Each structure stands twice: as C-alpha cells, then as structure tokens.
Engineer: 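Provided herewith is a single structure, encoded as structure tokens, for subsequent inquiry.
On a predicted model such as this, the values are computed, not experimentally measured, just so you know. Throughout, numbering of the chain's residues begins at 1 and tracks the sequence.
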Amino acid sequence: MRDSACRFRIGSTIEQLQTRIAQMEATYRPERSDTVVSSNCPPLDAVLPQGGFLFGTLVEWFADGVGDGAVGLAIQASRQALCTGRVLVVVDRRGQFYPPAAVEMGMDPKQLVVVRAKTQDEQFWAIDQSLRCRGVGAVLAWPRRIEAACFRRWQLAAEESGVLGLLIRPAAAKREPSWAEVRLGVETFPTGVETRRRLRLHLLRCRGVTAGRTVDVEMDDETHSMHTISQLADPAAPRRAAGA
C-alpha cells in the first residue's frame, strides 16, 4: 500500500512538472529569430505555435524504412526556407537523395548543393559546417546516432546562423536525447492509389505545444500536393477514424 501511494505521488508530480514545463514553453519566445518558415503542409503549420518552423532551429523527422514520406515533407519545408535566395545543402552519405526528384517537387537546381560524404566523420563535419554558413537556408541530412555534445554544437550553430536544420532519422532514435526544436514522427500508409500516400504526422515535441497531436494528410506523388484528411488533438482519434 505504501509503495502504491509513493508511485501515485511520483506520477502526480511528473504530471504537474510536465504541465508546468508546457506553460513555461508556451510563454517562451526565442530571441534568436522571429522569422518563421512554413512547413508547406498547412495542417502541420496549424498545430505549430508559430505557424511553421523557426529559422535557426533543428527539426527531426522520424520514420521507419527509407522514410520517403518524411523526406518529401522535409524537401517541401526546405523550399520555403530558400525564399531569401539561399541554398539547400543535402548531406547524403548513403545515396538516399535523388536530385531530379527534388527538382520535380519545385526545387531550383541552382539552389541545391549535394555533399556525398563517404564516412560518418565527413557527414557530421559537413552538417556542422553547413549549419554555420549564413548563405545556407536549410540543411537536409540523415544522421543515425548523434552524440549529445555534437547535437548541441549543431543546435548552437543553427541558432547563430539562422539556418534551418532538417534531420531524417530512424524511428528508434526517438529514445535519444535531442536538441531539436520540433520532433515529428511520420508513418506512411497505402491508399490503394499508386501515386498517393497517406501520411500520419505525430507531434512528439515542440516548444509551446503539448505533445501528442496527430495530423493525417494525403500526398500526391505526381503533383506533390497535400490534402488534409484530419487534424486531431486526440492521438486515439485517427485510429477510430481509420476503423470507421
């Protein structure tokens, strides 16, 4: 009985702490940049407190497999970050990036720089240096495991330069410590139409927003347009809708 009461108090304290942190984050406004870049996914922008991603921050996209849905969303967001004429640097170690596909999505090839890193050290160095360059609008990369100190350096580099960092990561990396401003889980489901995919976006963490919100969108691989299926605050709601 005593152990049960102790666990209850601990659980209650954690809930109070989470609520307090959410309240503090909701009133926090970073001084490093008040410039917002749209994710180019309207239902996702609607659940982000600033209506998009902040320049000078890191965004993590978690997906199993090749993460095509996450890559497409990240490329769409990076396009919005290049409106100032800056470039997108893609740090690709494993040959996962296909430039013609990005061009088909509207990317200007003159604003695209692809770095084919051969080792993890080269990959991490290229990410670090790109995040520090003010001529870069966004950095897209696929780092797997990131040491906390390295992650912190990237976050400080992006904060200083105003670059938007878009990191595609395996789902298992969600358990690792993070310095990202936004963490998003991406699930891909077939729709029965070859050129369309359903994407379920889970808001795992975002400063100023309670985690757990879920957004369902449908992506057309031919037109690269996205259509809202649902925008729900209740994480259980998409499952109910899918089974209806």
Side-chain angles (χ1 to χ4, degrees), residues 36-46 48 51-53 55 57-118 123 126-127 130-131 133 135-144 163-171 182 184-202 215-231:
V36 178
V37 54
S38 170
S39 69
N40 212 19
C41 177
L44 177 57
D45 285 346
L48 296 172
F53 301 129
F55 277 111
T57 64
L58 303 178
V59 179
E60 287 181 285
W61 309 79
F62 298 96
D64 288 314
V66 295
D68 287 339
V71 174
L73 290 167
I75 290 175
Q76 293 284 15
S78 70
R79 285 178 53 208
Q80 301 300 307
L82 307 184
C83 60
T84 57
R86 294 189 288 182
V87 302
L88 167 66
V89 176
V90 180
V91 183
D92 182 18
R93 181 186 171 193
R94 302 179 185 274
Q96 295 165 289
F97 182 73
Y98 184 57
V103 174
E104 287 183 4
M105 295 178 69
M107 182 69 65
D108 184 346
K110 295 179 181 179
Q111 292 180 282
L112 183 60
V113 177
V114 180
V115 179
R116 302 292 188 185
K118 296 181 180 179
Q123 177 191 33
I127 294 171
S130 300
L131 287 172
C133 180
V136 173
V139 176
L140 174 62
W142 288 258
R144 292 182 175 270
V163 176
L164 179 65
L166 303 167
L167 309 177
I168 311 295
R169 309 200 62 204
V182 179
L184 293 162
V186 182
E187 293 182 89
T188 305
F189 302 93
T191 63
V193 180
E194 185 177 354
T195 59
R196 294 183 181 177
R197 289 173 292 167
R198 177 174 293 186
L199 305 178
R200 180 166 295 165
L201 312 181
H202 301 276
V215 172
D216 281 11
V217 298
E218 191 171 279
M219 177 181 286
D220 189 312
D221 290 330
E222 288 187 340
T223 64
H224 306 294
S225 59
M226 282 178 280
H227 309 283
T228 304
I229 297 174
S230 61
Q231 181 180 318

Engineer: Any chance you could lay out the side-chain contact (heavy atoms from CB on, under 4.5 Å) test for Ile127 and Trp142, step after step, and finish with the verdict?
Structural biologist: CA-CA 10 Å; Ile127 294 171; Trp142 288 258; over 6 Å; no
Engineer: Could you list the residues that satisfy side chain to side chain contact (heavy atoms under 4.5 Å, CB included) with Leu82, not counting sequence neighbours?
Structural biologist: Leu88, Met107, Gln111
Engineer: Compare every heavy atom of Trp61 with every heavy atom of Ala74, then report the nearest pair and how far apart it is.
Structural biologist: CB-NE1, 3.9 Å
Engineer: Check step by step if side-chain contact (heavy atoms from CB on, under 4.5 Å) holds for Arg86 and Val136.
Structural biologist: CA-CA 5 Å; Arg86 294 189 288 182; Val136 173; 5.8 Å; no
Engineer: About how many Å separate OG of Ser78 and CG of Leu140, when rounded to the nearest 0.5 Å?
Structural biologist: 6.5 Å
Engineer: Flag the pair Thr57 / Leu164 as yes when at least one side-chain heavy-atom distance between them is below 4.5 Å, and no otherwise.
Structural biologist: yes
Engineer: So how far is it from Met105 CE to Asn40 CG, rounded to the nearest 0.5 Å?
Structural biologist: 8.5 Å
Engineer: I need the Cys41 SG to Leu201 CG distance, nearest 0.5 Å.
Structural biologist: 5.5 Å
Engineer: By side chain to side chain contact (heavy atoms under 4.5 Å, CB included), which residues pair with Ser130, not counting sequence neighbours?
Structural biologist: Val89, Val139
Engineer: For Val36 versus Gly51, what's the shortest heavy-atom pair and its separation?
Structural biologist: CG1-C, 4.0 Å
Engineer: Say you draw a straight line from CG of Leu73 to CG of Leu184; how long is it, rounded to the nearest 0.5 Å?
Structural biologist: 8.5 Å
Engineer: What's the shortest heavy-atom distance between Asp45 and Ser39, and which atoms?
Structural biologist: OD1-OG, 2.7 Å
Engineer: If you look at every heavy atom in Cys133 and Val163, which pair is closest and at what distance?
Structural biologist: O-CG2, 3.3 Å
Engineer: According to side-chain hydrogen bond (donor to acceptor under 3.5 Å, both in side chains), who are the partners of Asp92, at least two apart in sequence or on a separate chain?
Structural biologist: Arg116
Engineer: So do the side chains of Phe97 and Ile168 get within less than 4.5 Å of each other, counting heavy atoms only?
Structural biologist: no
Engineer: Kindly compute the distance separating NE2 (His202) from CG (Leu199), expressed to the nearest 0.5 Å.
Structural biologist: 10.5 Å
Engineer: Is there a side-chain contact between Val71 and Tyr98 in this structure, where contact means two heavy atoms from C-beta onward sitting under 4.5 Å apart?
Structural biologist: no
Engineer: Can you measure from CG (Leu58) to CZ (Phe53) and round to the nearest 0.5 angstrom?
Structural biologist: 11.5 Å
Engineer: Taking all non-hydrogen atoms of both residues, which atom of Ala63 and which atom of Ala70 are closest, and how far apart?
Structural biologist: CB-CB, 4.1 Å
Engineer: Considering non-hydrogen atoms only, spot the tightest contact between Val186 and Gly69 and give its length.
Structural biologist: CG1-C, 4.3 Å
